[in-house]
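Here is the structure we will look at, set down as structure tokens.
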Amino acid sequence: MDTCPEEEMMAHVRPDDRSTIHPAERPGARHPVPRAHPVARWATIILGVVFLLVGAVLVAGGVWLMTLGGSWYYLIAGLGLVVVGVLLMTQRMAALWLYLLIYLGTWIWAVWEVGWEGWPLVPRVVAPTVLLVLVLFTIPVLRRTGRHRGSAVTLGASGAAVAGLALAAVGAQQLLQPDRAIAQEEVSPIVQAPAGESGVGPAGQPAAPAAQAPAAGQAAAPAAASGTAGAMPMLETGADWPAYGGTIHGTRYSPLDQISRDNVASLERAWEYRTGDMPDADSEGEYAAETTPLKIGDDLLLCSAMGDIIAVDAATGLQEWRFEAGVSEDAIPYSATCRGVAYYADPAADRLDLCAERVLVGTLDARLIAVDARTGQACTGFGRNGQVDLERGLGDTVPGWVAVTSPSTIVRGVAVMGHQVSDGQARNAPSGVIRGYDAVTGELLWAWDLGNPGLTGLPPEGETYTRGTPNMWTIAAGDEDLGLVYLPMGNSAVDYWGGDRSAAENEYATALVAIDVTTGRPAWHFQTVHYDVWDYDLGSQPALVDFPAEGGTVPAVILSSKQGDIFVLDRRTGEPLHEVEEVPVPQGGVEPERLSPTQPVSRWHSLLMPDLTERQMWGMSPLDQMWCRIQFRRAYYEGPYTPPTADRPYIQFPGYNGGQDWGSLGFDPVRGVLIANYNNTANYNRLVPREVVEAEGVTAVNEPQVGDRQPRDDIDPQVGTPYGIQLNAGWRAPLTGILCTQPPYGGIRAIDLATGETLWDRPLGSARRNGPFGIPSMLPFTIGTPNNGGPVVTAGGLIFIAATTDNLIRAIDIETGETLWEDVLPAGGQSTPMVYEQGGRQYLVMMAGGHHFMETPIGDHVIAWTLPQRE
């Protein structure tokens, strides 16, 4: 019988050798591969199901996005993941090769869209990289069920995976870069005006003058107000910090230089004081202290979140006295906030007299309180037993509708008072009237009711100040020499619809108004937004500076806005010292016939970012990024001042917390440098028809709740108008809570005062306390977080600022933008620091009080830092 080749070969093998040769070693024999462990096989099948589900979501969302005119990537990648899922479930090696192809394509697409920028790459490649790692773990299972030799498969897959992970490492390197400032030449150009549109006003007419000069014959520097205690020389910063912004000029500058760039790294905590003012466990009120103390003599003077007035020793932090304001929690408006107190020394009083030096504070329940700065006792000669009722003349109100959250500004003995009126409630809200009170007696000296300019005092019996008018909730600045107070005005009582606003409201809303403290009459005003339906009220305290000009300097006021513009005005007349151009803006929405066709834009400097595009949508994974892209494509958006719409959502960028808010500017007069921290976030809004608002059970603060149904908290009622407003502040993805626009969300910038040029610009804030689902990532990478609070600048070449959501306070080099020192705060740093000298030592102090809107921990900590004591 013929033998087969195998038998012939075996015939030449010695009998004693045959038993040592495994059949699989015969020529042409295949290696039998043992089956994978059942757990590994099931894990691979489960991973396949995950791929299948993720792919299905991407396919569905990708089709939706594609029909809206968006990116095709998600549909293509989703189809690929569905196939990969099936191959994994059937344990085919092709799953690995196909996913490697998808992964490489993802990187090519990602780099094509956003380049090698670290944070924009995160939602595009981090989750796919995690999936790659998981697929690599399935190689032993796929190899045992495949037809390829293990060594070749492992080598090929590993090589492809290493190439992909190397790309991931390049992207990750961008996140690991240390804090750095961007030099002026690296900064993207600011918005350019369309050619030929300069100076165009409504209906093609020449633009009206941006400001009104005082009337003919009006004194440039009015005399001291009659009936007041007389002028008090303006206290300067140095050893003391006598006003909220350092001085009433609001520059937040200290000439102290003991703490410098060379030694700031040695700062250590000197003391910590707890106000004890925290919400109870069952409290429904939100707390956000935002307090900046004053320093007068040996004392720090401050207020707690609920308005208690406190004095502590400036060297030790030990409490010296406390005045209980007795504010009830039902008076809390948006939050329990007291940004600071005001100080006044009566020049006509003997220094030993009671209340020769006094502290004034406005409360959440609308009272103005005066106490002795040395003892904390009520100034009984002020108002009625030391208090003035600020609700007089306002008409019907309820707790939480009217509140005072900011300190008064005192010029020539007149305490100029604004107040907060809760946003979005009702058109018939209490008036935003501005009033001037004698700082010694509490007597009402004048009232400015823009809806009734003939009324200069209290309204007649049975009447009220004009309801629904713009208010001033933030901090004014003052000029003793000119006798003017500069009021950053808010909007009318309803922010997002203006169909029944009066001509006076349209003239003074969202404007800087210079008030003559002698008469309470406007000397001039400058409007930053025409017909404001975006809640772009002026939140920043203006800064009064000497502005460089030919032959010397000009007394100027620097005004920053939420929409990102920084205006430079002559503070005597309100005339712009640099070009302010009226540029065309989008039209449409629900009231196109009333919108202004143009808006003023500063050509001196703007913090405004480039317009949003689909590529700037963000998230923590391709899924939420895809959802944000879909939202972007569904919404109405045509750039800045996109008008509100009801038929679909609209994007407001920057949002109402964008640009600069109450934190305000800092200014170094020696170096001639402005410091501005800013936000770069968007709102995703929609006007809600009145019948829907009512069906949802949404009522105003002064209306009873209907039934037991819990009304939606994302809708403000705007009673008395055709629409409520649905707000997605910060524009977040619904599942993870991550912002839909890509980082940075906040930054800090140094600006040359003489030229308006950016000296450096950098993101402000790390990702350590931010993450999806509200879980802190603890990653130390600089991301640029939203921020609330402002900077203080010192002669030592330093900027001290907290403000961010990472609970850090920083010292930044004013020349380079580099972080030189930081410390972790026990709560959110949503306040502005202050600097003073005591006992030959320079101190830095700030309140760590947190903020519910910023989602930082609430606290009551007043903390002081100083250099180590020399032996």
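In this text, all values refer to a predicted model and were calculated from it rather than measured experimentally.
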Check your understanding: Between Ser422 (side chain) and Gly400 (backbone), is there a donor-acceptor pair under 3.5 Å?
Key -> yes
Point to revise | Qualifying residues under ring pair (Phe, Tyr, Trp, His ring centres under 6.0 Å), relative to Trp731, sequence neighbours excluded | key: Tyr684
**Study point:** Donor-acceptor side-chain pairing of Ser560 and Ser540 below 3.5 angstrom
**Key:** yes
Exercise for review: Report yes or no: is the cationic atom of Arg427 (NZ for Lys, CZ for Arg) closer than 6.0 Å to the six-membered ring centre of Trp497, at no more than 45° off its axis?
Suggested key: no
**Study point:** Ring centers of His852, Tyr287 separated by less than 6.0 Å
**Key:** no
Review point. Side chain to side chain donor-acceptor pair (under 3.5 Å) with Thr741: which residues, sequence neighbours excluded?
Key: none
**Study point:** Gly756 backbone acceptor or donor facing His605 side chain under 3.5 Å
**Key:** yes
Check your understanding: When you check the side-chain N and O atoms of Arg769 and Thr805, is any donor under 3.5 Å from an acceptor?
Key -> no
Check your understanding: Are side-chain N/O atoms of Asp532 and Thr510 paired as donor and acceptor at under 3.5 Å?
Key -> yes
Point to revise | Within the 6.0 Å centroid threshold, strictly below: Phe653 and Tyr637 | key: no
Check your understanding: Counting only N and O atoms by type, is there a donor-acceptor contact under 3.5 Å from the side chain of Asn679 to the main-chain atoms of Asn657?
Key -> yes
Practice item. Could you list the residues that satisfy side chain to side chain donor-acceptor pair (under 3.5 Å) with Asp495, not counting sequence neighbours? Key: none
Check your understanding: Can you find a side-chain donor-acceptor pair between Arg501 and Asn506 that sits under 3.5 Å?
Key -> no
Check your understanding: Taking the side chain as C-beta and beyond, is there a heavy-atom pair between Leu623 and Leu58 under 4.5 Å?
Key -> yes
**Study point:** By side chain to side chain donor-acceptor pair (under 3.5 Å) - contacts of Thr681 (at least two apart)
**Key:** none
Check your understanding: Strictly under 6.0 Å, is that where the ring centroids of Trp534 and Tyr641 end up?
Key -> yes
**Study point:** salt bridge (Lys or Arg N to Asp or Glu O under 4.0 Å) pairs, two or more places apart, involving residues 632-643
**Key:** Glu614-Arg633
Review point. Under 3.5 Å, is there a donor-acceptor pair between the side chain of Thr337 and the main chain of Thr405?
Key: no
**Study point:** Those residues that, when tested against Asp661, pass salt bridge (charged side-chain N to carboxylate O under 4.0 Å, His left out) (two or more places apart)
**Key:** none
Practice item. May I ask you to check if Arg749 and Tyr678 form a cation-pi contact, with NZ or CZ under 6.0 angstrom from the six-membered ring centre and within 45° of the axis? Key: yes
Check your understanding: So, for Tyr496 and Asn685, which heavy atoms are closest and what is the spacing to 0.1 Å?
Key -> CE2-ND2, 4.2 Å
Review point. Is Gln563 reaching over with its side chain to a backbone N or O of Gly659, donor-acceptor style, under 3.5 angstrom?
Key: no
Exercise for review: State whether the side chain of Asp624 and the backbone N or O of Ile738 hold a donor-acceptor pair below 3.5 Å, judged by distance alone.
Suggested key: no
Practice item. Mind listing the closest non-hydrogen atom pair of Ile434 and Gly418 along with its distance? Key: CD1-CA, 4.1 Å
Check your understanding: Under the 3.5 angstrom rule, does the side chain of Ser606 hit a backbone N or O of Leu608 as a donor-acceptor pair?
Key -> yes
Study note, to complete from the structure: Applying salt bridge (charged side-chain N to carboxylate O under 4.0 Å, His left out) to Asp647 and not counting sequence neighbours gives none
Check your understanding: Which residues satisfy the ring pair (Phe, Tyr, Trp, His ring centres under 6.0 Å) test with Phe853, sequence neighbours excluded?
Key -> none
Review point. Taking Thr736 for the side chain and Pro772 for the main chain, is one N or O donor matched with an acceptor at less than 3.5 Å?
Key: no
Review point. So, Thr804 and Asn787: side-chain donor and acceptor under 3.5 Å apart, yes or no?
Key: no
Review point. Residues in side chain to side chain donor-acceptor pair (under 3.5 Å) with Ser502, at least two apart?
Key: Glu505
Check your understanding: Are any of the side-chain nitrogens in Glu117 or Arg615 under 4.0 Å away from the carboxylate oxygens of its partner?
Key -> no
Point to revise | Donor-acceptor contact present, side-chain Arg732 to main-chain Asn728, <3.5 Å | key: no
Check your understanding: Given Ile675 and Ile748, is the side-chain contact (heavy atoms from CB on, under 4.5 Å) satisfied, shown in steps?
Key -> CA-CA 7 Å; Ile675 301 299; Ile748 185 167; 3.8 Å; yes
Exercise for review: For side-chain contact (heavy atoms from CB on, under 4.5 Å), just list the numbers for Leu65 and Thr67, CA-CA rounded to whole Å, side-chain angles, deciding distance to a tenth of an Å, and then say yes or no.
Suggested key: CA-CA 5 Å; Leu65 181 60; Thr67 60; over 6 Å; no
Practice item. Identify the heavy atoms of Glu582 and His530 that sit nearest to each other, and give their distance. Key: OE2-NE2, 2.8 Å
**Study point:** Any donor-acceptor N or O pair under 3.5 Å, side chains Glu286, His851
**Key:** no
Exercise for review: Could you please spell out the steps behind the salt bridge (charged side-chain N to carboxylate O under 4.0 Å, His left out) verdict for Arg629 and Glu113?
Suggested key: CA-CA 13 Å; Arg629 285 177 181 253; Glu113 277 211 324; 2.5 Å; yes
Practice item. Could you tell me which residues satisfy ring pair (Phe, Tyr, Trp, His ring centres under 6.0 Å) with Trp662, sequence neighbours excluded, listed by chain and number? Key: none
**Study point:** Partner of Trp473 under side-chain contact (heavy atoms from CB on, under 4.5 Å), chosen from Asp423, Leu538, Asp537
**Key:** Asp537
Practice item. Give a yes-or-no answer on whether the side chains of Ser664 and Gln541 include a donor-acceptor pair shorter than 3.5 Å. Key: no
Practice item. Go through the side-chain N and O atoms of Thr758 and Asp761 and say whether any donor and acceptor fall under 3.5 Å apart. Key: no
Review point. Would you say Val57 and Met626 make side-chain contact, with heavy atoms under 4.5 Å?
Key: yes
Practice item. Could you pull out all residues at least two apart from Tyr745 that satisfy ring pair (Phe, Tyr, Trp, His ring centres under 6.0 Å)? Key: none
Practice item. Using only heavy-atom distances, determine whether the side chains of Ser561 and Thr528 contain a donor-acceptor pair under 3.5 Å. Key: no
Point to revise | Short side-chain donor-acceptor distance under 3.5 Å, Asp714 and Gln726 | key: yes
**Study point:** Heavy-atom pair with the smallest gap, counting every atom of Ser335 and Ala288
**Key:** OG-CB, 3.9 Å
**Study point:** Exercise: identify the closest heavy-atom pair between Tyr508 and Val513
**Key:** CD2-CG2, 3.8 Å
Point to revise | Flag, side chain of Gln587 to backbone of Ser596, donor-acceptor distance under 3.5 Å | key: yes
Review point. For Glu591, what residues pass the salt bridge (charged side-chain N to carboxylate O under 4.0 Å, His left out) criterion, not counting sequence neighbours?
Key: Arg594
Practice item. Quick one: closest heavy-atom pair of Thr106 and Pro128, and the distance? Key: CG2-CG, 4.3 Å
